[in-house]
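Some notes on the structure that comes next.
Hydrogens, waters and symmetry mates are skipped; everything else that's a heavy atom, side chains included, is used. For clarity, every value in this text was computed on a predicted model and none was experimentally measured.
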Amino acid sequence: QVQLVESGGGLVQAGGSLRLSCAASGSIVSFNFLAWYRQAPGKQRELVATITSGLNTSYADSVKGRLTISRDNAKKAAYLQMNRLTPEDTAVYYCNMKGLHGPPMRGFDAWGQGTQVTVSS
């Protein structure tokens with residue numbers, strides 16, 4: 001069993017910064033893929049950023065240069081540094097982790113409960 005908990009969200013004014021954390025628990029052998037998603041009111045869930053086991057990253061065009069994804073395998077954690085926030089960044093942010101856990105060795109695909117980010121103008 002792998003569980004994820006997001007934290008670090010809150011209310012911030014436009015132009016401000018937040019750092020989101022995603023903490024994992026369970027017998028994780030490896031996590032090959034980590035992604036941050038967000039879902040704004042009335043919108044579909046959107047892929048924001050990804051990071052692989054090789055530390056390759058990708059970002060949605062709307063957040064390039066402002067958001068940075070990172071991971072810490074020893075701490076079983078992932079982060080999303082968010083700078084120069086705008087009201088369009090307002091959403092619930094979720095982390096998603098895929099990898100292997102065990103024994104017995106099994107694949108997992110875990111989601112957190114989400115953390116609210118609200119950016120005021």
Inset, instruction - Find out whether Thr118 and Val12 are in side-chain contact, i.e. whether some heavy atom of one side chain is under 4.5 Å from a heavy atom of the other. - result: no
Legend entry - Residues in side chain to side chain donor-acceptor pair (under 3.5 Å) contact with Thr115, at least two apart in sequence or another chain: none
Inset, instruction - Give every residue pair that meets the ring-ring contact (aromatic ring centres under 6.0 Å, His included) criterion with at least one member in residues 85-121, sequence neighbours excluded. - result: Tyr37-Trp111, His101-Phe108
Legend entry - Flag side-chain contact, heavy atom, 4.5 Å: Leu34 against Asn96: no
Legend entry - Test item: Leu80 and Leu67 side chains (from C-beta on) under 4.5 Å apart, heavy atoms: yes
Inset, instruction - Would you mind listing every disulfide bond (SG atoms under 2.5 Å apart) that reaches into residues 20-101, with sequence neighbours excluded? - result: Cys22-Cys95
Inset, instruction - Scan for salt bridge (charged side-chain N to carboxylate O under 4.0 Å, His left out) pairs involving residues 112-121, sequence neighbours excluded, and state none if there are none. - result: none
Inset, instruction - Sort and list the pairs that fulfil salt bridge (charged side-chain N to carboxylate O under 4.0 Å, His left out) and have at least one residue in residues 69-85, not counting sequence neighbours. - result: none
Inset, instruction - Return each pair, listed once, that meets side-chain hydrogen bond (donor to acceptor under 3.5 Å, both in side chains) where at least one residue sits in residues 17-31; pairs must be two or more places apart or across chains. - result: Ser17-Asn83
Inset, instruction - To the nearest 0.5 Å, tell me how far Leu100 CG sits from Asn32 CG. - result: 6.0 Å
Legend entry - same_hphob_cluster(Tyr59, Leu20) at 4.5 Å side-chain heavy-atom cutoff: yes
Legend entry - Listed once per pair and sorted, the disulfide bond (SG atoms under 2.5 Å apart) pairs that draw on residues 30-69, sequence neighbours left out: none
Legend entry - ring-ring contact (aromatic ring centres under 6.0 Å, His included) contacts in which one or both residues fall within residues 12-36, not counting sequence neighbours: none
Legend entry - Backbone of Gln113 reached by a side-chain donor or acceptor of Glu6 within 3.5 Å: yes
Inset, instruction - Give every residue pair that meets the salt bridge (charged side-chain N to carboxylate O under 4.0 Å, His left out) criterion with at least one member in residues 54-67, sequence neighbours excluded. - result: Asp61-Lys64, Arg66-Asp89
Inset, instruction - Keeping to residues at least two apart or across chains, list the salt bridge (charged side-chain N to carboxylate O under 4.0 Å, His left out) pairs with something in residues 100-121. - result: Lys98-Asp109
Inset, instruction - Taking all non-hydrogen atoms of both residues into account, name the closest pair between Ser121 and Ala14 and its distance. - result: CA-CB, 4.4 Å
Considering only distance and modelled atom types, tabulate donor-acceptor pairs under 3.5 Å from the side chains of residues 41-52, sequence neighbours left out.
from	atom 1	to	atom 2	distance (Å)
Arg45	NH2	Gln39	OE1	3.4
Glu46	OE1	Arg38	NE	2.9
Thr50	OG1	Ser58	OG	2.4
Thr52	OG1	Gly54	N	3.3
Thr52	OG1	Asn56	N	3.2

Inset, instruction - Identify the heavy atoms of Leu4 and Ala110 that sit nearest to each other, and give their distance. - result: CD1-O, 3.3 Å
Legend entry - Pairing residues for Glu88 by the salt bridge (Lys or Arg N to Asp or Glu O under 4.0 Å) criterion, not counting sequence neighbours: none
Inset, instruction - Any chance you could measure Gln81, atom CD, to Ile69, atom CD1, to the nearest 0.5 Å? - result: 12.5 Å
Legend entry - Same apolar cluster: Val2 and Met105, side chain cutoff 4.5 Å: no
